[in-house]
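Below you'll find the structure, written out as C-alpha cells, and then a few comments.
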Number of protein chains: 2
Amino acid sequence: MLAEISGRKEKVLKAIIQEHILTAEPVGSRTLARKYDFDFSPATIRNEMADLEEMGLLEQPHTSAGRIPSDKGYRFYVDRLMEGKLEKPVSLKKYLKELSRQKSGLEDIMSEMARLLSGMVKYTAIVSEPGFAESKISRLELLPISKRKLLLIVITSNGLVNNKVINLESKLTEEELDDLNRILSKRLTGKKIQEITESFLQKLEEELKRRLNYTARIIKRLEEEITGILAKEEMKIYLDGTSYILEQPEFNDLKSLKKILKVLDRKEELRRLVADLEDELEVKIGTENKLQEMQNCSLVVATYKLQGGGTGRVGVIGPTRMEYPRVISSVDLTAELISKIISRSGR
Amino acid sequence: MLAEISGRKEKVLKAIIQEHILTAEPVGSRTLARKYDFDFSPATIRNEMADLEEMGLLEQPHTSAGRIPSDKGYRFYVDRLMEGKLEKPVSLKKYLKELSRQKSGLEDIMSEMARLLSGMVKYTAIVSEPGFAESKISRLELLPISKRKLLLIVITSNGLVNNKVINLESKLTEEELDDLNRILSKRLTGKKIQEITESFLQKLEEELKRRLNYTARIIKRLEEEITGILAKEEMKIYLDGTSYILEQPEFNDLKSLKKILKVLDRKEELRRLVADLEDELEVKIGTENKLQEMQNCSLVVATYKLQGGGTGRVGVIGPTRMEYPRVISSVDLTAELISKIISRSGR
DNA sequence: TGTTAGCACTCCTCCTTATTGAGTGCTAAA
DNA sequence: TTTAGCACTCAATAAGGAGGAGTGCTAACA
C-alpha cells in the first residue's frame, strides 16, 4: 500500500509515534532531538517531518504545533515498525488454575476475562460470548420442576451448559416426560447446531406427534426453546475497565468523553462491531472503524476458538494513541486463555 | 427534626425546589414571582428566602445568585411537601407477559428490570440479585456430564434455578452417583439455607462416608459447591442507563463527571451501598450517602421480596436535583414487578 | 406590623485584548 | 546534503472591562 520509506524517515516516524504515545502531546523537532540522540539535527528532523506529513503519515494540529501521527501513520507503525511483544507472565498458570476452580459458569469466565484483560492493558476490554455455530449437542435433558415447569438442559460439545426453565400450558405425566426426554435426546444428541433446520424440526415434530399424543402446542414450544438456547443471535457482550477511558488525556474534554461513553453504553452496536471482523486478529485504527463515534479510538480484536466448536471475540478499545505492541499481545494471550479455560472446564 | 414552617414559606420552598429540578439553575425571586402567580411580591419572596436559608433549607452559591435547595431542603420536600405518585402504566401488564415468555433466567430478568427502570426514570438504575437467606432447597440434582464432571442443579423454593459444573478428581460409577444423588436429595430437600450449618454438614459428611465409600475429598468438594451456590456472599448487581448521567447539567464538568463514573465502575462498593439499607424504601439525599464520591447524588432504593424467600434491591442513582415523586414510585413499581415476574416464572 | 417599590451593590459570565512561547518553514552558509 | 539562524504563526493563558441577574437594605405604604 505504501512505498518503502528511507531508514531515517522510519527512525523519525517511529520516534514520533512512541513519543506521542507516551505524552499524548504533539511532538516537536527540538524535543525529539533532545530525547533521542539521533546523529542529525532538529532542522533535518523538520525536513523529514515535512516529508512524512506530505506522505500522510503525520499531521499538524495547527501550523505552529508539533506533529502527531495520523491514522495512516499508526497503521504503518502497526504493520511494519513496531516490535516487542509481551512475554507471558509466569504467574498466569497459577491464576488460571485458581480461576477454573472457583468459577465455572460461562458468565463468570467471560466477565473475569474482561476484567483480566482490561487490568493488563489499562484500557477498556470487551469480550463476546461464544456462538454455537460449529458445536454439537452432546447431551440434552428435561428435568421436571413442578407440574407445569420443566428445566431444559443442553450441554454442547464445547462443554458449555445451557439451561432454561420452560413453562407449559398443560401438565405432563412422568411417563410422558420420560418418553419425551428419550426421543428428544436420541434425535438431537450428536447433532450440529446447524443441522437443526426447519425441515429437521418438522420431521421431529411429526415423530413426536406420532409416538406420543401431546398437543402440538407443547411440542412447538419445546422446539422453540431448544433452538432459542442455541441459535440465539444475540451473543452477550461483557465490558470492563470503562473508567480507564476517563484517564486518557484525549478524552479530557466533555464532548469527546460523552461521545465515546455513549457508544460503550450501546451494547448492540458494540456486538456488531466486534462480530463483523474477518481475521483472527484485527486492529482497527481511528477512521478505519465503521462506527462514526469511535473514529478517534482504536480497536484491537482477536478471535478465540473453543475445542468442540464455537468462536467468540476478545478486544480492547482505547485511544488511537494506544500501546499497540502491548495491547496486541495481551489480547492474543487472553483469547488463548479463554479457549483454554473453557476447554479445561469442559473436558 | 424540624419545626413546622408557615404555609407561605412552604409554598416558596416547594416552588423553588420544583423550579430548580426543572432548570438546574439557582432560582431568583423575580423568576419565581413571574412563573408562579403568588399573591405576594418578589420582595416578600426574598424575605422568605432569607429565612429559609437561615433554617438551612436553602443555599446561595454566591451573594448575587438565586437560591438552590440544600440537602436538608430536599429532605423536607421528600418527607413533607411532595405529592403526585405515578399511576401504573396500563401497558405494563402486556409487557410483563411478553417478558416472562421470552426471558426466564435470573440474569435476563435482572438486567431487563434495570433497563426498564432506567428507561422509565431517565436516570441510572441499579438492581441486585436476590439473596437466598430465607428460601429452602426444593430440589437438588446431580447430573453426570462426563467421567469427571457433574452438573449440580439446585432449585430453591422461590423458583430460582442454580447450576454449576463440578470437576472431580476421580471418577464416579453410575451407581455411586445414584446413591449420592439420593442421599443428598433426601437430606437437603426442604432445608432452609440457614439450616445448612457447619455442624449439619459435618453430620451429612459422616453419613455419606458411612454409607458410601468415597474419599472424603469428593464429599468435601461437593459440599463446598452446594454451599457456594447458595451462600454466595456477593450478589451480583446490574446497572443500566449509565449514560443518562452524561445528560445531567450538574455533571457537565469533567471533575464531577469522572468522580461519579468512577464510583459506578466499582461494583463492589455499589453492592454494599444498596445492601446496607434498612427500610423497605429509602431515599438518601446528597450528603446522607455514606460514599464520599456520591455526595452530590441521591439514591432511591426499594427492597423486593420473593415468594418462597429471598430479597434483593432495586434503586436509582441520580443528581440530588431529582424528580423524587416520579422516581420513588417507579422504583416501588419495579420492586413489585420483580417479585411478580420471578414468582410467576417460579410457580 | 407586614408588605412592597426602589436602588445601590455584588459577583459571576462572557467578551475582548495583550502576552507568551513552542514550533515551524525558509534562507543562506558550511 | 545538512545545519544554523531568524522571522513568523498561532494556541494557550492572563488580564481587564462591560453586562446583567439577583440580592439586601431602606423607606414608604396599607
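Protein chains get the first letters and strands the later ones, always in sequence-line order, with residue 1 at the start of each. These figures come from a predicted structure and were not determined experimentally.
With D:dG22, D:dT3, C:dG23 as the choices, the nucleotide that has an atom nearest any side-chain atom of A:Ser41 turns out to be D:dT3. With D:dA4, D:dA11, C:dC11 as the choices, the nucleotide that has an atom nearest any side-chain atom of B:His62 turns out to be C:dC11. Relative to the side chain of B:Thr44, the nucleotides D:dT2, C:dT3, C:dT24 differ in distance, and C:dT3 lies closest. Comparing C:dT4, D:dG22, C:dT24 by their closest approach to the side chain of B:Asn47 singles out C:dT4. Out of D:dT23, C:dC11, C:dG23, the shortest distance to the side chain of B:Met49 is found at D:dT23.
For the pair B:Glu48 CD and D:dG24 P, the interatomic distance rounds to 13 Å; values are reported in whole Å. Atoms CZ (B:Arg46) and P (D:dC25) sit 11 Å apart, rounded to a whole Å. Between B:Leu58 atom CG and D:dT23 atom P the separation is 11 Å, expressed in whole Å. Following rounding to the nearest Å, B:Glu59 (CD) and D:dT23 (P) show an atom-to-atom distance of 15 Å. Rounded to whole Å, atom P of C:dG2 lies 12 Å from atom CG of B:Asp51. When the P atom of C:dT3 is taken as reference, atom NZ of B:Lys11 falls 13 Å away, rounded to whole Å. The separation between B:Ile45 atom CD1 and C:dT3 atom C1' is 12 Å, rounded to whole Å. Rounding to whole angstrom units, CZ of residue B:Arg67 and P of C:dC11 are separated by 14 Å.
Toward the 5' end of DNA chain C, the nearer of the two residues B:Ala43 and A:Gly66, judged by each one's closest nucleotide, is B:Ala43.
Residue B:Thr63 has no polar side-chain atom (N or O) positioned under 4.0 Å from OP1 or OP2 of C:dT10. Within the structure, a side-chain polar atom (N or O) of B:Ser29 is placed less than 4.0 Å from OP1 or OP2 of D:dT23.
Counting only heavy atoms from C-beta outward, the side chains of A:Tyr244 and A:Val121 never approach each other to under 4.5 Å. For the pair A:Glu250 and A:Asn296, the minimum side-chain heavy-atom distance is 4.5 Å or more.
The one candidate from A:Arg46, A:Lys9, A:Arg8 that meets the salt bridge (Lys or Arg N to Asp or Glu O under 4.0 Å) condition with A:Asp51 is A:Lys9. None of A:Ile21, A:Leu299, A:Thr287, A:Ile285 except one satisfies the side-chain contact (heavy atoms from CB on, under 4.5 Å) rule with A:Thr320; the exception is A:Ile285.
In this structure, the side chain of B:Arg313 engages the main chain of B:Ala275 through a donor-acceptor pair within 3.5 Å.
Donor-acceptor pairing under 3.5 Å, judged by distance alone, is present between the side chain of A:Ser64 and the base of D:dT9. Put simply, the side chain of B:Arg30 and the base of D:dG22 share no donor and acceptor less than 3.5 Å apart.
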